[in-house]
Undergrad: 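To start, I am sharing the structure in question, which I have written as structure tokens.
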Protein chains: 2
Amino acid sequence: MKSILKRKNISETPFRKSVLEIISDSSSAVSISYIENKLGEYNRVTLYRTIKTFLETGIIHSISIAGEDLRYAMCEDTCQQDNHIHNHLHLQCTQCNSVYCVDLPADSFINKSNHLIDSFEVHAKGVCEHCQ
Amino acid sequence: MKSILKRKNISETPFRKSVLEIISDSSSAVSISYIENKLGEYNRVTLYRTIKTFLETGIIHSISIAGEDLRYAMCEDTCQQDNHIHNHLHLQCTQCNSVYCVDLPADSFINKSNHLIDSFEVHAKGVCEHCQ
DNA sequence: CTTATATTTGCATCACAGTTGCAAATATAT
DNA sequence: ATATATTTGCAACTGTGATGCAAATATAAG
Ligand SMILES: [Mn+2]
Ligand SMILES: [Mn+2]
Ligand SMILES: [Zn+2]
Ligand SMILES: [Zn+2]
């Protein structure tokens with residue numbers, strides 16, 4: 001089977017393979033600095049460009065939490081440039097601070113996972129009252 | 001009745017009043033640059049410090065959307081330093097891009113507001129499988 | 001209302017994340 | 001094996017947000 005990079009039609013370079021491996025080996029979403037620590041030597045610019053390319057081609061998606069570093073996690077296979085569909089829960093642990101992507105039936109997610117959910121915030125997209 | 005600033009025990013200065021007015025007058029969450037445009041003349045440093053103070057004292061909360069500027073919206077009256085409780089929906093309109101805070105019963109929010117929700121993402125806090 | 005104290009503001013300067021142009025290096029296609 | 005397309009590394013830049021400090025303003029006390 002073709003590698004993820006080939007499937008997304010981008011060149012398969014050693015650097016990209018390393019970064020991809022770091023992200024996909026982690027069970028929770030990773031920050032840039034986590035990746036930087038795992039990479040031995042690396043070039044800052046290339047790393048930023050790699051992340052950008054992965055985002056644009058739907059290999060990874062980002063998770064934005066106010067006051068914290070952006071985190072990145074693998075996409076579903078169906079994700080594509082500008083067509084990411086992730087109707088899943090991003091659970092941040094109150095103890096270890098890790099963030100996990102948790103798949104659940106779209107309309108009934110609270111207390112149906114194996115996590116203990118204390119509080120949540122929903123970011124929805126749709127058409128507001130004003131625009132309908 | 002005491003002003004919000006007084007209630008939060010911070011000095012009531014003309015600059016803070018202007019910034020607060022801009023945020024609370026808007027029906028949707030506002031970015032820094034929106035505030036900058038509304039203010040006539042202003043000092044960058046003072047604006048950043050004002051936002052920080054408002055966040056810290058529980059006057060406003062921030063809404064973080066990947067790839068977009070942070071937005072700020074008023075808190076509930078009950079919010080305090082490090083104790084913000086906002087179990088509400090952040091709805092971003094697919095047409096006008098505005099982001100609204102929408103109050104809804106915590107456990108059943110989809111399609112119960114006056115907005116047409118297409119997709120959503122949940123950011124929950126709790127204890128992960130691993131940490132239980 | 002006046003004065004003393006505490007807080008905020010503005011300025012200059014810095015720190016740091018992320019970006020850009022370009023030439024050299026490497027990957028893919030023929 | 002060679003030609004072409006893509007990626008990489010370097011140097012330099014941009015924009016956001018933070019800091020130390022003195023001047024200005026707000027609040028508290030008499
Ligand atoms: Mn995705
Ligand atoms: Mn709040
Ligand atoms: Zn709208
Ligand atoms: Zn955990």
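Chain A is the first sequence line, chain B the second, and so forth, proteins listed ahead of strands; every chain is numbered from 1.
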Undergrad: When the distance from CZ of A/Phe54 to P of C/dG18 is rounded to whole Å, what number comes out?
TA: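 Taking CZ of A/Phe54 and P of C/dG18, I get 17 Å after rounding.
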
Undergrad: Mind listing the residues from residues 34-51 of chain A sitting with a heavy atom below 4.0 Å of DNA chain C? Number order is fine.
TA: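 Residues of residues 34-51 of chain A under 4.0 Å from DNA chain C: A/Arg44, A/Val45, A/Tyr48, A/Arg49.
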
Undergrad: Can you tell me the distance, in whole Å, between the CG atom of B/Leu5 and the P atom of C/dT7?
TA: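 Computing the B/Leu5:CG to C/dT7:P distance gives 15 Å.
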
Undergrad: Rounded off to whole Å, could you give me the NZ-to-P distance for the A/Lys6 and D/dT6 pair?
TA: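 Those two atoms, NZ and P, are 13 Å apart.
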
Undergrad: Between P on C/dT19 and CG on A/Leu55, what's the gap in Å once rounded to a whole number?
TA: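 My rounded result for the distance is 10 Å.
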
Undergrad: Does a side-chain heavy-atom distance below 4.5 Å link B/Ile59 with B/Met74?
TA: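 Yes, their side chains come closer than 4.5 Å.
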
Undergrad: Do any side-chain nitrogens or oxygens of A/Lys52 fall under 4.0 Å of OP1 or OP2 in C/dG18?
TA: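 No, because none of the side-chain N or O atoms of A/Lys52 sits under 4.0 Å from OP1 or OP2 of C/dG18.
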
Undergrad: B/Glu68 CD to C/dG18 P: how many Å, rounded?
TA: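 That distance rounds to 17 Å.
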
Undergrad: Provide, to the nearest angstrom, the distance between the CZ atom belonging to B/Arg7 and the P atom belonging to D/dT27.
TA: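 Computing the B/Arg7:CZ to D/dT27:P distance gives 16 Å.
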
Undergrad: Which sits closer to the 5' end of DNA chain D, B/Ile32 or B/Pro14, going by the nucleotide each is nearest to?
TA: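 It is B/Ile32, whose closest nucleotide lies nearer the 5' terminus.
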
Undergrad: Counting side-chain heavy atoms from C-beta on, which of D/dA26, C/dA27, D/dT27 comes nearest to B/Glu12?
TA: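 Closest nucleotide to the B/Glu12 side chain: D/dT27.
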
Undergrad: Under 6.0 Å between ring centres, would you say that holds for A/His90 and A/His123?
TA: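 Between A/His90 and A/His123, the centre distance exceeds or equals 6.0 Å.
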
Undergrad: Does a side chain donor of either A/Gln132 or B/Gln95 reach within less than 3.5 Å of an acceptor in the other side chain?
TA: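 There is no such pair (donor and acceptor under 3.5 Å, judged by atom type) between the side chains of A/Gln132 and B/Gln95.
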
Undergrad: Any non-hydrogen side-chain atom of A/Cys101 less than 4.5 Å from a side-chain atom of A/Ile63?
TA: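 A side-chain contact under 4.5 Å exists here.
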
Undergrad: Which nucleotide in the set D/dT8, C/dA27, D/dA26 lies at the smallest distance from any side-chain heavy atom of A/Ser11?
TA: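 It is C/dA27.
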
Undergrad: Within the pair B/Thr13 and C/dT9, is there a side-chain N or O less than 4.0 Å away from OP1 or OP2?
TA: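 True: B/Thr13 side-chain N/O within range (under 4.0 Å) of C/dT9 OP1/OP2.
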
Undergrad: Counting only N and O atoms by type, is there a donor-acceptor contact under 3.5 Å from the side chain of B/Arg16 to the main-chain atoms of B/Ser11?
TA: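 Present.
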
Undergrad: Scan side-chain atoms only and decide if B/Ser33 and B/Ser31 contain a donor-acceptor pair under the 3.5 Å cut-off.
TA: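 B/Ser31 and B/Ser33 do have a side-chain donor-acceptor pair below 3.5 Å.
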
